[in-house]
Structure formats: structure tokens, C-alpha cells
Amino acid sequence: MAVESSPAEMPTQYEPAAAERRLYGWWVERGFFHARARTDRVPFCIVLPPPNVTGRLHIGHALDHTIQDVLTRRARMQGFETLWLPGTDHAGIATQVVVERQLAKEGIDRRELGREAFLERVWRWKEQYGGEIVEQMKALGDSCDWERLRFTMDEGLSRAVRVAFVRMYEDGLVYRGERLVNWCPTDQTALSDSEVEHEEVEGELVTFRYPLSDGSGDVAVATTRLETMLGDTGIAVHPDDERYRDALGKRVRHPFDGRELPIVADPAVDPAFGTGAVKVTPAHDPTDFDIAERTGLELMNILRADATMADVVPEEFRGLDRYSARTRVHERLKELGLLVKEERPYPHAVGHCYRCHSEIEPWLSGKQWFVAVERLKEPARMAAKEGRVRFIPDRWARNYDEWLEGLRDWNISRQLWWGHRIPVWYCPGGHEFAAVQDPEACPQCGQADIEQDPDVLDTWFSSQLWPFSTLGWPDETEDLATFYPTTVLVTGYEILYLWVARMIMSGLYLLGDVPFRNVLIHGLVRDARGRKMSKSLGNVIDPLGMIERYGADALRYALARMASPDQQNLPLSEEGIEAGRNFANKVWNAARLILRVYRGGVPELPPPERLAAAQKWLLSRYHGCVADVSGALDAGDISEAAVGLHRFIWSEFCDWGLEMEKGRLYEGTERERSDAANVLAWVLERTLRLLHPIMPFVTEEIWQRLRVGESIVLASWPEVGELEEWAPRFAEETELPFVFAQELVTEVRRFRGDHGVPPKSTIELRIAERAPGRRGLVGPFETEIRRLAGLSSISFVEKGFAGSGYARLLVQGDPVLIPVGDLFDLRAETTRLREALETARAEEARAEAKLGNEAFLAKAPPEVVLKERQKLERLEHETSSLREQLEQLEAAGS
RNA sequence: GGGCGCUUAGCUCAGCGGGAGAGCGCUGCCCUUACAAGGCAGAGGUCGAUGGUUCGAAUCCAUCAGCGCCCACCA
């Protein structure tokens with residue numbers, strides 16, 4: 001799809017919308033993003049953290065995807081066999097809840113519908129909305145291999161889940177047990193520890209008394225969840241607590257149902273806290289559960305699945321929800337005079353459901369499935385310690401390690417319907433077995449009326465297999481052989497434990513190797529759910545709206561610019577995206593200029609002896625840019641790369657590089673024009689390639705107009721070594737003269753501005769040579785200086801030159817004289833020079849003091865001392881010049 | 001309760017041992033044939049506080065203050 005339009009047809013403003021759609025479709029059609037498993041190239045692979053199938057792309061995805069696409073596109077240009085594998089997650093709870101809500105609007109409860117009909121509804125929902133996020137990824141420009149698109153409930157991935165489960169089951173790593181679980185009363189399912197978010201709430205701590213049943217007094221206990229006292233089955237004190245020595249073995253009487261609760265001793269009780277006595281509610285508190293196990297206290301489950309009071313509690317509380325029950329218990333204790341103390345507010349952390357945000361109840365929900373993590377965690381810790389998995393930034397490695405160290409068994413059964421059903425069957429004969437294929441009968445006793453476990457697996461159970469299940473595991477596919485372990489995983493830190501750590505454990509266990517060699521962890525964009533952050537920027541930023549308005553490149557640039565690995569919070573504003581849009585437009589217009597003078601084809605650099613100093617300068621700056629960008633990307637610092645490109649393109653290439661070529665381009669000889677055009681096109685073409693991973697569309701759009709190849713997607717990544725031979729020489733040759741030229745031009749422009757001298761009136765400039773060699777400094781850039789500063793001529797005068805009617809500027813200590821005639825008011829300039837003299841003198845004094853310091857001379861490295869000497873020399877030169885100028889001015893003015 | 005991070009220009013952040021930087025915002029001038037989504041010039045900071053190490057500290061160390069995040073079964 002070579003672009004046929006000529007430069008003249010390039011509008012003055014870049015228009016992203018049409019270009020993006022056209023280019024993306026063409027890229028996919030040409031198969032540029034498709035990776036081959038049979039390859040001689042070195043593989044590079046990223047698997048996309050699968051977004052929820054029914055989700056919409058939010059700004060957090062946009063960031064995550066931008067980083068991945070930058071790495072992917074660059075790897076492709078570097079010649080790797082590059083695979084970015086996309087896919088979506090069925091997101092068990094999240095999706096089920098959405099569909100349930102949908103049904104609720106129609107007045108239907110999922111239980112009425114039945115499991116199969118309900119699942120049909122979910123699948124229909126998935127078909128309807130499941131593709132949306134894929135389309136949105138395309139709008140962003142994600143260069144995924146769409147031929148490999150996966151979904152966690154695909155046939156292949158479902159089989160991977162079963163194989164993994166069965167293998168772990170048979171290996172004793174998956175077991176079934178009855179323990180307290182984190183129960184969400186709203187979603188009515190168990191959750192793993194990782195799915196519980198602890199948050200501070202302003203609670204209350206209520207202390208009340210249990211009367212001893214022998215009438216010899218009472219025992220005070222405290223709680224933040226007063227309603228749980230209905231399920232108390234004992235009181236515990238520390239075994240060594242003197243205060244309760246006599247109470248041990250006695251009983252207290254429950255004030256509402258008269259049950260007698262034993263007082264037991266357990267070391268888990270902290271005698272220093274509160275009264276030193278703890279009410280024990282084994283069925284509703286993990287610590288209490290453990291105490292009960294050790295001391296033999298009974299379990300009393302007082303909650304129903306929806307967190308209302310069960311029938312075991314006294315009638316007056318029955319059916320109340322937990323909060324009403326709390327109030328009611330409070331009232332009744334007060335009536336009975338058993339309340340001792342109320343502390344309110346009493347801030348403490350309470351677990352909340354990560355999906356619906358209800359308060360979690362520790363609850364006995366019958367038997368649940370668990371993964372025993374003891375044997376999994378050590379290999380995973382070792383892999384990080386030995387560097388087989390590298391975290392970027394590496395401080396996450398420590399968090400990872402400590403999390404694994406404290407990890408407890410993982411509850412994987414969910415009381416949901418949407419998900420991978422647990423592949424375990426039970427037969428009336430009491431046998432239990434796991435199978436990859438649906439069995440017809442019990443393998444032990446042959447009975448046919450077997451029943452499958454009703455629960456489904458935690459979504460993260462399938463997610464943990466993602467880096468290899470997507471590549472074909474458990475089959476030994478070519479994809480798996482080529483691309484596993486993958487190169488890098490890119491993700492936010494919020495799912496480091498939920499997901500990343502588990503992939504490492506399962507990859508090591510099931511395949512014997514880590515799933516990825518690097519984990520690039522980025523910060524969080526202030527997100528769409530309006531989550532905290534006191535300094536909220538206000539409204540949610542919708543990536544798609546931004547793409548429509550400013551273009552995908554603009555959004556990508558804004559995100560890339562923030563994506564520094566060290567940053568945890570990545571604030572994004574619409575102004576930032578606007579800046580991205582402006583940048584794209586800047587590149588576009590630089591290209592417009594060049595395309596007016598460059599005919600297309602592969603640019604060729606003129607031989608070095610034909611290069612103007614300005615061209616050598618530009619080439620050496622370009623060389624620095626390649627090194628910076630490559631270095632930044634190697635270190636995973638997308639931000640650094642984006643900022644470096646912006647600086648080079650805008651402040652160096654456009655502001656000076658292009659401006660300095662205009663003379664040759666518009667007024668030069670035929671050869672000068674052609675050489676200048678080639679140099680500019682050469683730098684532009686390579687710069688586009690450097691920028692392409694971040695801003696794929698505008699770079700392709702321009703690159704094709706340069707007619708250097710089919711697509712920039714397949715172009716090679718610019719070599720740092722390309723100018724290795726010349727760049728240092730160019731830099732050395734041009735650096736000092738360029739800085740002088742730049743300062744001179746700026747000073748003259750400032751002078752024009754301050755005194756209203758219009759750009760069109762040319763100036764005959766004189767430079768008083770104070771030091772030898774100034775002519776040599778001006779020479780290489782003389783024509784450029786004249787053009788940019790609007791000078792008709794530059795001449796040199798002796799240093800004592802004392803003509804009147806001149807304004808006197810100072811450039812690097814050299815007096816620069818601008819003829820201004822008799823009517824010109826020089827007072828402003830005089831003031832300016834005075835101020836300049838003052839600062840220069842202050843700096844001079846500082847340098848003198850430093851060089852007069854013996855310790856400095858003795859201990860500072862020689863190059864620092866040398867630098868300081870040069871600085872002092874320069875300042876001396878400058879102050880004496882300034883004094884002289886002032887004298888001249890005063891003489892002329894008087 | 002444990003751990004991590006942040007505090008630099010009005011805003012958002014780079015710099016992490018040797019002369020305070022960027023983007024946006026602000027001020028002035030300019031529709032100069034690449035770009036007004038632009039050009040040119042400019043204003044603006046005792047680098048959170050205190051103490052220490054050092055010839056030299058925004059940069060290293062300690063303490064403190066404020067902010068944020070992660071982890072955590074103290075009623």
C-alpha cells in the first residue's frame with residue numbers, strides 16, 4: 001500500500017483517524033504480526049495478560065498494551081521471531097455477576113433458570129460483547145498475532161486446566177478439606193486470600209461481660225463484630241495469665257441462650273490486649289478456629305450464605321442481616337447491663353471482596369478444594385533468587401519472595417457456575433476420582449450414576465497456566481518448543497501475587513521451567529473506577545475517546561512518556577495526550593518540509609568531506625539519540641526512550657537541524673540542495689524507525705512517503721554502530737562552534753525582542769576578538785548564524801574597539817557589537833550588563849575560593865579541578881569584558 | 001503491626017556526589033513559504049526539616065515531619 005499522494009497533498013495537520021484504520025487493517029492483512037514457530041531466528045515472545053472477555057479497554061490496559069507493543073515492535077525490527085500472543089479471560093465472578101444482574105432486570109434468578117440455561121446465557125453474552133476489547137486493542141495499534149488469539153475457556157485451554165488439575169490431584173497437591181474460607185455473602189462464593197482486600201474501616205470495639213455460671217463474677221471480652229457473640233463457644237485466656245488462673249476450667253453462661261461456655265487456655269491469646277480474655281467464635285474467625293481445634297471447643301455456624309442469622313441463634317435474632325444483628329445484640333446487652341465499654345470509632349482493617357466490595361465473612365461453607373503450596377513455593381523462590389526470573393525494577397523481587405514465604409494453601413473452588421468445572425466425580429460407593437475426560441462410570445466400582453463436583457475453579461487457576469496453555473500445552477507443540485519460556489511479562493504490580501507468582505509456580509511444576517525470563521512491572525494510571533488518590537485529576541480518561549480525538553499515537557506517546565519503571569503512580573491528563581498529538585503533528589510537518597525537497601528512495605549520505613558543519617552536528621546528535629533510545633529500551637525504560645526521542649526530534653532536529661539547512665535547501669547550489677535533502681532524509685528515516693514502536697501510525701504514514709521500503713513494521717532497528725567511525729569526530733569538530741553559534745543567535749534574537757528590532761531589518765554585526773581563535777569558532781557556522789540571526793554581515797574588530805552608537809552584547813565573554821545609531825536608548829542594555837556582571841562576579845568568587853582551597857586541589861579528581869580552572873578562566877574573561885563594555889557604554893552615553 | 005516508595009519551578013515529574021532540568025501552565029513579541037497543534041524570547045526554585053559523612057551534598061547516611069502503596073487471622 002505505497003502511499004500515492006505527493007508531498008503537496010500532505011495537509012498541514014496530521015490527520016490520524018483515517019490513516020490508523022487503513023494502516024492497521026493492511027498490517028494485519030499482510031501478516032506482519034504473525035510469528036512462525038519454525039524459524040531460524042531467535043524467538044521473542046510476550047503473552048498478553050488476558051483482559052476480561054466482556055471488558056472494555058480502560059486506560060490501565062492502554063498503558064500495559066503500549067509498553068508491550070513498544071517492546072514487541074522493537075524486537076520485530078531487531079530481527080527476532082516475534083510473537084505477541086493475545087487472548088481474553090473468562091473472569092469467573094466478574095462475568096457471572098454481570099450476567100446475573102442482567103437477568104435480575106428481567107426478574108429472573110439464575111437458580112430458577114438452572115445451570116445449563118444460565119451458562120448458555122453467559123456464552124451468548126460472551127459472544128455478543130467478547131470481541132469488543134479485541135477491536136479496541138486494534139484501535140490502539142497492538143501488533144498482536146491475531147491468528148493465535150486465545151480464550152481461557154477454549155477447548156484447548158480447558159483441557160490444559162484439567163490436565164493440570166488431575167496431575168496435581170494425583171500428586172497430592174490438590175486436596176479437599178473443610179476449613180474456614182473467605183466468604184463473599186453477595187457473590188455467595190468462597191474466595192482465595194489474594195482476592196480479599198483489606199481496608200481500614202471506622203469500626204467499634206465493644207467490651208461486654210459474660211457472667212460466670214457459678215455466680216462468682218464475670219469475664220469481660222471485647223469484639224469489633226458484636227453479632228459473632230451469638231456463635232461464641234468458649235472464652236480463651238493465655239495459659240500464663242495469673243489474673244485468670246482461678247477462672248480456668250470454669251464456665252460462663254451465654255446471656256441469650258443460656259449455653260455454658262468453657263474457659264480455656266491458649267497461647268494465641270495476647271494477655272496485654274484488652275482484658276486478656278478473648279471470646280472464641282470458631283466458625284467465624286480464623287484465629288478462633290485454630291484455638292478451637294487445639295482446645296476442642298465446638299463449632300457453631302450462625303450465618304447463612306447471605307450473611308443473615310441462621311436458625312441456631314435465639315429467635316429474636318434469627319434472619320437478621322449481620323449489621324442489624326450487631327445493633328440488636330448491642331441493645332440487648334445494654335438492657336442486661338452487660339456492656340462495659342464502647343470505643344468508637346475504632347479503626348481496623350476488614351477484608352472486602354475484590355469484585356463487589358462487600359465485607360468478607362470467615363465462614364464454614366462445607367468442603368472446599370485447596371492447592372497445597374508447600375512444595376510449589378520453594379522452586380519459585382529459588383528461580384527468582386538465581387535470576388532465572390528477573391524483576392524490573394528489582395525491588396519487586398523482595399516483595400515476591402516474602403509473599404511466597406508466607407503463602408498458605410490456596411482455596412481454588414468457587415461456588416459459581418461460570419468457569420472450569422472441577423474435574424472430580426463422586427460415586428454412590430463413596431469413591432472420588434479426577435479425570436481429564438468426562439468419565440462414564442466409576443473406575444473403581446463401575447457404577448454409572450456418578451456425579452461431578454458442582455463447583456468451578458478459581459479464575460486464577462486457569463490464568464496461572466496462561467503462558468504455556470496458550471502455546472499448546474499439554475501437547476508438545478512447536479509453539480511451545482520455540483516460544484517457551486517467554487521473554488518478558490508486562491504487568492502492573494497489583495497482580496504480582498494474584499497472578500505472576502502463581503504462573504511461576506505452575507510453570508516450574510508442570511513444565512520444569514520458568515514461564516518468562518523477565519517481569520516488567522509498571523505503575524498504575526489513575527483509573528477509571530475513581531479509586532482514591534486524594535489528588536484526583538477529576539474525570540476518567542477513556543482511551544477510545546482519546547484515540548478518536550487525538551489519535552492512537554498521541555495516547556501512546558502520553559502513556560509511554562510516563563511509563564518509567566520506577567514510578568508507581570502514573571498521572572495522565574488530557575493535556576498530556578494533547579502534547580502527544582502535537583508531537584505527532586510536529587514530526588508530520590518536519591516530514592512535509594523534507595518531502596518537498598527530497599524525491600524519495602533510500603537516502604544516501606554525502607562523503608564526509610562534503611558535509612557542512614551543521615550537518616555533521618546533526619549527525620552526531622542523531623548518533624547520540626540512537627544510543628540513548630536503544631539503551632533506554634534495553635533497560636525497559638520506555639519513558640526515557642520517549643523523552644529522548646522528543647528532545648532530539650523537537651529541540652535538535654527541528655529547532656536547529658532543519659533551520660540550519662534551510663539556506664542550502666532554498667538558496668544553495670544544486671549539489672548543496674541535494675546533499676542537504678539527503679542528510680535530512682537520512683536522519684528522518686532512521687528517526688522514524690526509532691519512534692515507530694511508540695508511535696506506529698504516523699511513522700508508517702511518513703515512512704511510506706519516503707519510498708524506502710514496503711513497511712516500517714519490517715524495517716530494521718537502527719544500528720548504534722552505523723556512524724561509529726564518524727560520530728565522535730563530528731561531535732568534536734562541531735560541539736564548541738555550535739554552542740557559540742547557538743548563544744550568538746539567541747542573544748541577537750533577544751536583543752531584537754527587547755528593543756523591537758524587527759526580524760527583517762538586518763544587522764551588521766561586529767565581534768570584538770578578545771581571545772585568539774574566535775574567528776575559527778564562528779567560521780563553521782557563519783552562514784547559518786547569519787541566516788538565523790538576520791545578520792547582513794559578521795566582521796571582526798580589535799578588542800579595544802571603542803566606537804560609539806553600538807549596543808554591546810556578550811557571547812561567551814566576547815563582546816558583540818550591534819550598531820544602533822544615535823537615537824537608541826542604551827540604558828536598558830547598561831542595566832542588563834550590570835546585572836550580568838554581578839552574577840558573573842559572584843560565580844567568579846566562588847570558583848576562586850574553590851581553587852584556593854588546598855583540600856580541593858589535593859582530593860578532587862584532576863578533571864574536576866581542570867574544569868574548575870577553565871570555568872574561572874572563562875569567568876575572568878567575562879567579567880573583564882563586561883567591565884569594558886560598561887565603560888564603553890558609559891563613555892558613549894555621557 | 002511489618003515492608004516499600006515519594007517530598008525538586010504554579011501543576012506533573014526527570015536528575016541521584018562536582019556549575020538546578022523537561023513537559024504543561026504563565027508573560028512578551030511574531031500569521032517569518034514544515035508546523036499558530038507553531039516560532040522566538042523570557043519570568044519562575046534557600047531541591048520537605050534537622051543533623052552527619054565529604055575538599056564538595058538536590059544527590060550518600062541518620063533522625064523527624066507529611067503523603068502514598070503493598071502485605072498482615074490481634075479480639
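Chain A is the first sequence line, chain B the second, and so forth, proteins listed ahead of strands; every chain is numbered from 1. Computed from a predicted structure; not experimentally measured.
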If the sugar-phosphate is the primed atoms plus P, OP1 and OP2 and the base is the rest, what is the B/S/- string for nucleotides 23-42 of chain B, using protein heavy atoms under 4.0 Å?
S---------SBB-BSSSSS
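Taking a pair as Watson-Crick or G-U with both hydrogen-bonding distances under 3.5 Å, the stems of three or more pairs touching RNA chain B are B:1-7 with B:65-71, B:10-13 with B:21-24, B:26-30 with B:38-42, B:48-52 with B:60-64.
Between the C1' atom of B/C71 and the CH2 atom of A/Trp396 lies a distance of 11 Å, rounded to the nearest Å. Here the P atom of nucleotide B/G17 and the CD atom of A/Glu868 are 19 Å apart, to the nearest Å. Computed from coordinates, the A/Lys867 NZ to B/G56 C1' distance equals 13 Å when rounded to whole Å. As rounded to whole Å, 16 Å separates atom C1' of B/U12 from atom CD of A/Glu574. A/Leu851 has its CG atom 15 Å from the P atom of B/G56, to the nearest Å.
A/Pro861 comes within 4.0 angstrom of a nucleotide base, judged by non-hydrogen atoms across all strands. Counting non-hydrogen atoms under 4.0 angstrom, A/Ala584 reaches nothing in the nucleic acid. Residue A/Asp285 is out of contact with every strand shown, counting any heavy-atom pair closer than 4.0 Å. When heavy atoms are screened at a 4.0 angstrom cut-off, A/Arg787 is found touching no nucleic acid atom at all. Residue-level contact check: A/Arg225 touches neither bases nor backbone, having no heavy atom under 4.0 Å from any strand. Within the 4.0 angstrom heavy-atom criterion, no nucleotide atom of any strand lies near A/Phe289.
For the ring-ring contact (aromatic ring centres under 6.0 Å, His included) condition, no pair includes a residue of residues 838-876 of chain A, sequence neighbours left out.
Side-chain atoms of A/His284 come within 3.5 Å of backbone N or O of A/Ile302 as a donor-acceptor pair.
No hydrogens or angles were tested; on distance alone, nothing pairs the side chain of A/Glu402 with the base of B/G2 as donor and acceptor under 3.5 Å.
Put simply, A/Arg408 has a side-chain N or O that comes within less than 4.0 Å of OP1 or OP2 on B/C73.
Taking CG of A/Leu555 as the start and CZ of A/Arg549 as the end, the distance is 13.0 Å to the nearest 0.5 Å. Note that OH of A/Tyr550 and CD1 of A/Ile577 are 7.0 Å apart. Values are rounded to the nearest 0.5 Å.
For the pair A/Thr287/A/Val280, no side-chain contact is recorded, criterion being any heavy-atom separation below 4.5 Å from C-beta on.
Between A/Val221 and A/Tyr493, the residue anchored closer to the 5' end of RNA chain B is A/Tyr493, taking for each the nucleotide with the nearest heavy atom.
For the salt bridge (Lys or Arg N to Asp or Glu O under 4.0 Å) criterion with A/Asp401, the lone passing option out of A/Arg381, A/Arg395, A/Lys377 is A/Arg381.
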